[in-house]
Amino acid sequence: MVDDVVSEPLAPARGRGHLGRMTSSPAARAAASGAQKSGTSAPAPAALLAWYDRHRRRLPWRAEPGRQADPYHVFLSEIMLQQTTVKAVGPYFTGFLARWPTVSHLAAAPLEEVLSAWAGLGYYARARNLHACAQAVVARHGGRFPDDEAALLDLPGIGPYTAAAIAAIAFDLKASPVDGNIERVVSRLYRVAEPLPGAKPRIKALAAALTPAERPGDFAQAMMDLGATICTPRSPACSLCPWMEPCDARAAGDAALYPVKAPKGDKPKREGVAFLAVRADGAVLLRTRPDKGLLAKMTEVPSTPWGPKPEAPEGHAPLKARWRALPGAVEHVFTHFALTLKVLRADLGAGTPAPAGHRWVTPDGFDAEALPSVMRKVLAHGGVE
DNA sequence: GAGGCGTGGCG
DNA sequence: TCGCCAAGCCT
């Protein structure tokens, strides 16, 4: 029973929590409303599936209606879509599939090629795990993805969400993936007052209770499409929603307040100095970052360490040269800090050798490098590329 | 379990 | 302009 996982007392809530009273915090308001299932009925999977049959998005990794999706396509797209928009993933998905048409092809590829193909998409641990996962699928399962949620969960880079998504979408098993879309849909349906991330277990249980035995894969994708196109974060189009009737937040008129989230702290700033060495033939001095940590194994322009305070560049330059400060700086925001990078440039003779651990790369070789966006910015700032 | 881990777009 | 956000995972 769905109500088993909802702790708030049952109370009528129509007319309460109206947008007219917006003086308290979302958390306080949501808690004060204290109501559950003020919608007029239980959310029916059939209503959502009927909506999905008419309004489903056509996406490169999706099978035609009524057809089975290729597990490798589902896997590849799900990894790429982690914390990443559909639009950004599109060309990467197409490119990967063209270059590595099966999981066995991907497993056989050198990691460096996978990293350079992934460059620009972000969260590079995903690319390393993607590669490791492909190799594990070949080694453990003979090159076929297991049609079993627990076995999928055991693979590198596949967590609870992705295991459930592949099980449901590729194999039509009764599994309930919960991503940000589904968290939002469910938290509004039931007007979940507890803030994230604490509310995750409850939302997960609610989502599982909603999942039908028939067409669980379409149901999961329908939930995501609903969250992406109707039940959006800012201004949800409730009047177009197939679940308008049973939705508690719609009844209360405060859907945009959900999901409630715990307040987050300020983002710290870091600064550093990058050394852009340019040889007379146009080659730039690059190196590979360490195996672990931020941007692991990716290509970088040499720089001082990035710290809270600007560090003196002396002693960090990769080679002895006449370094000149370029005007301005490169700004880049990572997940957990904002970076300001000043750039020093030096122009060197064509025969200058690369110091140990470094290499000269001409601009026509940049595409073969695993250059993250922040480093592309540095190169562009220095007039290279 | 809280924090590390990218990037680009949008209101 | 800038904080928020997008199909999370790992440690």
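Numbered from 1 within each chain, the chains take letters A, B, ... in sequence-line order.
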S.K.: Identify whether the distance between the nearest side-chain nitrogen and carboxylate oxygen of A:D172 and A:R67 falls below 4.0 Å.
M.R.: no
S.K.: Describe the nucleic acid contact of A:I182 in one word from base, sugar-phosphate, nothing, applying a heavy-atom distance below 4.0 Å.
M.R.: nothing
S.K.: Who is the Watson-Crick or G-U wobble partner of B:dG6, with both distances under 3.5 Å?
M.R.: none
S.K.: Taking the same atom, P, in C:dC9 and in B:dG8, what whole-Å distance lies between them?
M.R.: 22 Å
S.K.: Could you state the atom-to-atom distance from OH of A:Y124 to P of C:dG8 in whole Å?
M.R.: 17 Å
S.K.: Find which nucleotide of DNA chain C each of A:K267 and A:P156 is nearest to by heavy atoms, and output the residue with the more 5' nucleotide.
M.R.: A:K267
S.K.: Check A:E385 with A:K377, please: is the shortest side-chain N to carboxylate O separation under 4.0 Å?
M.R.: no
S.K.: Verify side chain to side chain donor-acceptor pair (under 3.5 Å) between A:E331 and A:T340, making sure each step is shown before the conclusion.
M.R.: CA-CA 5 Å; A:E331 304 282 351; A:T340 302; 2.9 Å; yes
S.K.: Using whole Å, what does the distance between atom C1' of nucleotide C:dC10 and atom NE2 of A:H336 come to?
M.R.: 14 Å
S.K.: Would you classify A:R376 as touching base, sugar-phosphate or nothing, given that sugar-phosphate means primed atoms plus P, OP1 and OP2, and contacts are heavy atoms under 4.0 Å?
M.R.: nothing
S.K.: Base, sugar-phosphate or nothing for A:P160? Non-hydrogen atoms, less than 4.0 Å.
M.R.: sugar-phosphate
S.K.: Any side-chain N or O of A:R184 less than 4.0 Å from the OP1 or OP2 oxygen of C:dA6?
M.R.: yes
S.K.: For A:V374, answer base if it contacts any base atom (sugar-phosphate contacts may also be present), sugar-phosphate if it contacts only those atoms, and nothing otherwise; contact means non-hydrogen atoms under 4.0 Å.
M.R.: sugar-phosphate
S.K.: So, is A:S373 close to the B:dG8 phosphate, meaning a side-chain N or O under 4.0 Å from OP1 or OP2?
M.R.: yes
S.K.: Rounded to the nearest angstrom, tell me the gap between atom CH2 in A:W306 and atom C1' in B:dC5.
M.R.: 12 Å
S.K.: What's the gap between B:dC5 and C:dC2 when it is taken at their P atoms, as a whole Å value?
M.R.: 24 Å
S.K.: Can you measure from CG (A:D218) to OH (A:Y52) and round to the nearest 0.5 angstrom?
M.R.: 5.0 Å
S.K.: Is any N or O donor-acceptor pair between the side chain of A:T335 and the base of B:dG6 shorter than 3.5 Å?
M.R.: yes
S.K.: Is the base of C:dG8 touched by the side chain of A:Y161 through a donor-acceptor pair closer than 3.5 angstrom?
M.R.: no
S.K.: Check whether any side-chain nitrogen or oxygen of A:H332 sits under 4.0 Å from OP1 or OP2 of B:dT7, and answer yes or no.
M.R.: yes
S.K.: Has the side chain of A:T84 got a donor or acceptor that lies under 3.5 Å from a partner of the other kind on the base of B:dG6?
M.R.: yes
S.K.: Heavy atoms under 4.0 Å, any strand shown: does A:W61 hit a base, just sugar-phosphate, or nothing?
M.R.: base
S.K.: Tell me: CD of A:Q83 to P of B:dG4, nearest whole Å?
M.R.: 15 Å
S.K.: Under 4.0 Å, counting only non-hydrogen atoms across every strand here, what does A:P177 touch: a base, just sugar-phosphate, or nothing?
M.R.: nothing
S.K.: Heavy atoms from C-beta onward define the side chain here; which of C:dG8, B:dT7, B:dC5 lies closest to that of A:Q82?
M.R.: C:dG8
S.K.: Base, sugar-phosphate alone, or nothing: which one does A:L130 contact when heavy atoms must sit under 4.0 Å apart?
M.R.: nothing
S.K.: P atom, B:dG6 versus C:dT1: distance in rounded Å?
M.R.: 26 Å
S.K.: Give one of base, sugar-phosphate or nothing for A:T162, where a contact means two heavy atoms less than 4.0 Å apart.
M.R.: sugar-phosphate
S.K.: Which is true for A:I79 with a 4.0 Å heavy-atom rule: it touches a base, it touches only sugar-phosphate, or it touches nothing?
M.R.: nothing
S.K.: Within the structure, does a side-chain N or O atom of A:Y123 lie under 4.0 Å from either OP1 or OP2 of C:dC10?
M.R.: no
S.K.: Base, sugar-phosphate alone, or nothing: which one does A:G227 contact when heavy atoms must sit under 4.0 Å apart?
M.R.: nothing
S.K.: Nearest heavy atom decides the nucleotide; on that basis, is A:R234 or A:R62 closer to the 5' end of DNA chain C?
M.R.: A:R234
S.K.: Please lay out, stage by stage, how A:H336 and A:F334 fare under the test ring-ring contact (aromatic ring centres under 6.0 Å, His included).
M.R.: CA-CA 6 Å; A:H336 52 298; A:F334 291 93; 7.2 Å; no
S.K.: Is it true that A:K309 and A:E271 make a salt bridge, defined as a side-chain N closer than 4.0 Å to a carboxylate O?
M.R.: no
S.K.: Whole-Å distance between B:dG6 P and A:M298 CE?
M.R.: 8 Å
S.K.: Working to the nearest 0.5 angstrom, can you tell me the gap between A:L115 CG and A:L295 CG?
M.R.: 11.0 Å
